[in-house]
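Reviewing the structure listed below.
Numbers here are sequence positions counted from 1.
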Amino acid sequence: MTQRMHQGEVVKLDRGFPLVRLDGDESLVRCEHATALVKGERVRAVIGDRVEVAYPEGHDKAIIERIVPRTRAFVRKDPTERAVPQVLAANFDRVIVAQPLGDVNTRRLERELVLAYETGAAVTVVLTKADLAENDEQVEEVRAQVRALTGPDVETLVVSALDPQSVEAVRELVPPGSMAVLVGKSGVGKSSLVNLLVGADVQETAAVREADGKGRHTTVSREMIEVPGGGRVVDMPGVRGLGLWDADAGIEAAFADVEEAATRCRFRDCKHQDEPGCAVRAAVEAGELAPERWESYRTLKQETAAVRERREQARWMQGEKASGSARACKARRARQAVAAKRRPKER
């Protein structure tokens with residue numbers, strides 16, 4: 001008997017069990033994955049995924065039988081594996097990168113921008129906790145530094161709990177029918193920002209230390225939250241590791257100035273080391289390109305190249321194992337055939 005499939009959207013992930021909002025009646029059902037779905041490739045539904053679920057008799061949870069192809073995904077290298085991607089969210093329209101105004105981590109911001117660009121979604125940087133700034137001069141100085149880092153194509157907003165207009169500017173980034181993913185390290189104020197957008201304490205927040213304005217990690221599950229009069233926002237748990245995965249396009253977008261300089265090198269395959277006519281090195285020496293930014297670019301390119309090499313090695317090893325297994329099976333059949341010929345015939 002064919003089971004009826006119900007379609008819906010994953011709105012929360014908690015301890016590995018997706019919560020799906022079904023189309024039509026808007027009911028919420030806790031689900032687990034079908035064995036056939038996760039076997040081999042270990043595919044898992046993530047927040048924002050469109051899925052098809054069934055209700056097998058005797059099960060206390062619905063079963064996700066199929067994940068609809070994603071329009072886009074936020075992907076990092078799985079921190080527990082050598083060369084495996086980990087999808088954190090799917091089918092969103094914008095990535096909002098949150099950094100605390102009083103403690104911007106430029107190295108992490110560069111990495112966050114690379115991963116955000118890689119998704120193909122719109123990207124915005126939001127500087128949080130501006131109400132803790134010493135004065136307006138500090139706010140403008142930090143905003144200028146971040147804009148210089150992100151480039152002209154990325155909007156940089158400053159939000160303060162004491163300034164409703166700054167909160168409204170962020171809310172306008174999530175119009176009705178859209179979804180935004182909010183990323184940032186623990187303690188940068190993501191949960192507080194969501195509460196400001198919603199106008200209520202829907203996300204738990206930890207006490208902030210007066211000395212440095214930092215808080216503790218509070219969000220432990222990925223959850224989709226409705227913004228009144230707007231779309232939806234996903235408050236991601238604080239992600240410590242941001243390993244790159246297939247991030248060449250994201251690096252090119254995040255470091256457009258470096259890429260532009262590279263187009264003026266004398267040799268197309270210039271490694272920007274000691275080749276004559278290197279425009280990148282010339283830009284660094286002339287002060288047109290910050291040495292720190294060039295070093296970050298090199299580090300990220302080397303990292304994504306290393307991940308690609310490990311991935312190719314893993315594929316090769318899997319191919320060798322499969323080939324070796326096939327050879328062993330063939331040899332076993334040959335031995336069995338020889339043994340069968342040597343057995344005395346039954347009378």
Are the side chain of T128 and the backbone N or O of G189 linked by a donor-acceptor pair below 3.5 Å? no
Close side-chain approach of L157 and E155, heavy atoms under 4.5 Å: yes
Flag the pair R50 and D23 as a salt bridge only when some basic side-chain nitrogen lies within less than 4.0 angstrom of an acidic carboxylate oxygen. yes
Please check this pair: side chain of R30 against backbone of F17, looking for a donor-acceptor N/O pair closer than 3.5 Å. yes
Please step through side chain to side chain contact (heavy atoms under 4.5 Å, CB included) for the pair V234 and F92, ending with a clear verdict. CA-CA 9 Å; V234 177; F92 46 87; over 6 Å; no
To the nearest 0.5 Å, what is the distance between CZ on R94 and CG on L173? 5.0 Å
Hey, does the side chain of N91 reach the backbone of R70 with a donor-acceptor pair shorter than 3.5 angstrom? no
Please determine whether a side-chain nitrogen of the Lys or Arg among E9 and R232 lies less than 4.0 Å from a carboxylate oxygen of the Asp or Glu. yes
Show the numbers, then the answer: is there a side chain to side chain contact (heavy atoms under 4.5 Å, CB included) between V104 and L127? CA-CA 8 Å; V104 175; L127 299 176; 4.1 Å; yes
Name the residue from L101, L197, V126 that meets the side chain to side chain contact (heavy atoms under 4.5 Å, CB included) definition with V159. V126
Do L19 and V29 have side chains that get closer than 4.5 Å, going by heavy atoms? no
Just how far is it from atom NZ of K185 to atom CD of Q99, taken to the nearest 0.5 Å? 9.5 Å
At what distance, to the nearest 0.5 angstrom, does SG of C278 lie from NZ of K271? 12.0 Å
Answer yes or no: is there a donor N or O on one side and an acceptor on the other, between the side chain of D49 and the main chain of V51, under 3.5 Å? no
Grab the two heavy atoms, one from T119 and one from L115, that are nearest each other, plus how far apart they are. CG2-O, 3.3 Å
Tell me the closest heavy-atom pair linking V198 and I225, and the distance in Å. CG2-CG2, 3.8 Å
Could you tell me whether the side chain of K301 reaches within less than 4.5 Å of the side chain of T299, counting heavy atoms only? no
Give a yes or no answer on whether the side chain of R281 reaches the backbone of H272 with a donor-acceptor pair at less than 3.5 Å. no
Criterion side chain to side chain contact (heavy atoms under 4.5 Å, CB included) on E65 and M5, from CA distance to verdict: CA-CA 8 Å; E65 299 285 352; M5 292 293 177; 3.5 Å; yes
Surrounding CD of Q273 (heavy atoms of other residues, nucleotides or ligands, distance under 6.0 Å), is the total greater than 12? yes
So, does D93 use its side chain to make a donor-acceptor pair with the main chain of S178 at under 3.5 Å? no
Atom of S166, atom of D163 and distance for their closest heavy-atom approach: OG-O, 2.7 Å
Is a side-chain donor-acceptor pair under 3.5 Å present for Y297 with E110? no
Can you tell me how far apart CZ (R171) and CG (L193) are? Round to the nearest 0.5 Å. 10.0 Å
Checking L300 against F255 for the side chain to side chain contact (heavy atoms under 4.5 Å, CB included) test, could you report, in this order, the C-alpha distance in whole Å, the side-chain angles of both residues, the deciding distance, and whether it holds? CA-CA 10 Å; L300 295 173; F255 292 86; 3.5 Å; yes
Are Y55 and I67 connected, step by step, through hydrophobic side chains (Ile, Leu, Val, Met, Phe, Trp, Tyr) whose heavy atoms are closer than 4.5 Å? yes
Is I96 close to V181 at the side-chain level, that is, under 4.5 Å between some pair of heavy atoms? no
How long is the span from the CD atom in E223 to the CD1 atom in I47, to the nearest 0.5 Å? 7.5 Å
What is the minimum heavy-atom distance between I63 and H33, and which atoms define it? CG2-C, 4.2 Å
With side chains defined as the heavy atoms from C-beta onward, is the minimum distance between V95 and F74 less than 4.5 Å? yes
I want to check something: taking the side chain as every heavy atom from C-beta on, are E140 and D136 in contact at a cut-off of under 4.5 Å? no
Taking the basic N atoms (NZ, or NE/NH1/NH2) and the acidic carboxylate oxygens, is any pair closer than 4.0 Å for E26 and R21? yes
Tell me, do V20 and L28 make a side-chain contact under 4.5 Å, heavy atoms counted? no
So, do L113 and V125 sit near enough that their side-chain heavy atoms are less than 4.5 Å apart? yes
Separation of E259 CD from T263 OG1 (nearest 0.5 Å): 9.0 Å
Mind listing the closest non-hydrogen atom pair of K190 and V183 along with its distance? CD-C, 3.6 Å
Taking all heavy atoms of K129 and all of P100, pick out the closest pair and write down the distance. CD-CB, 4.4 Å
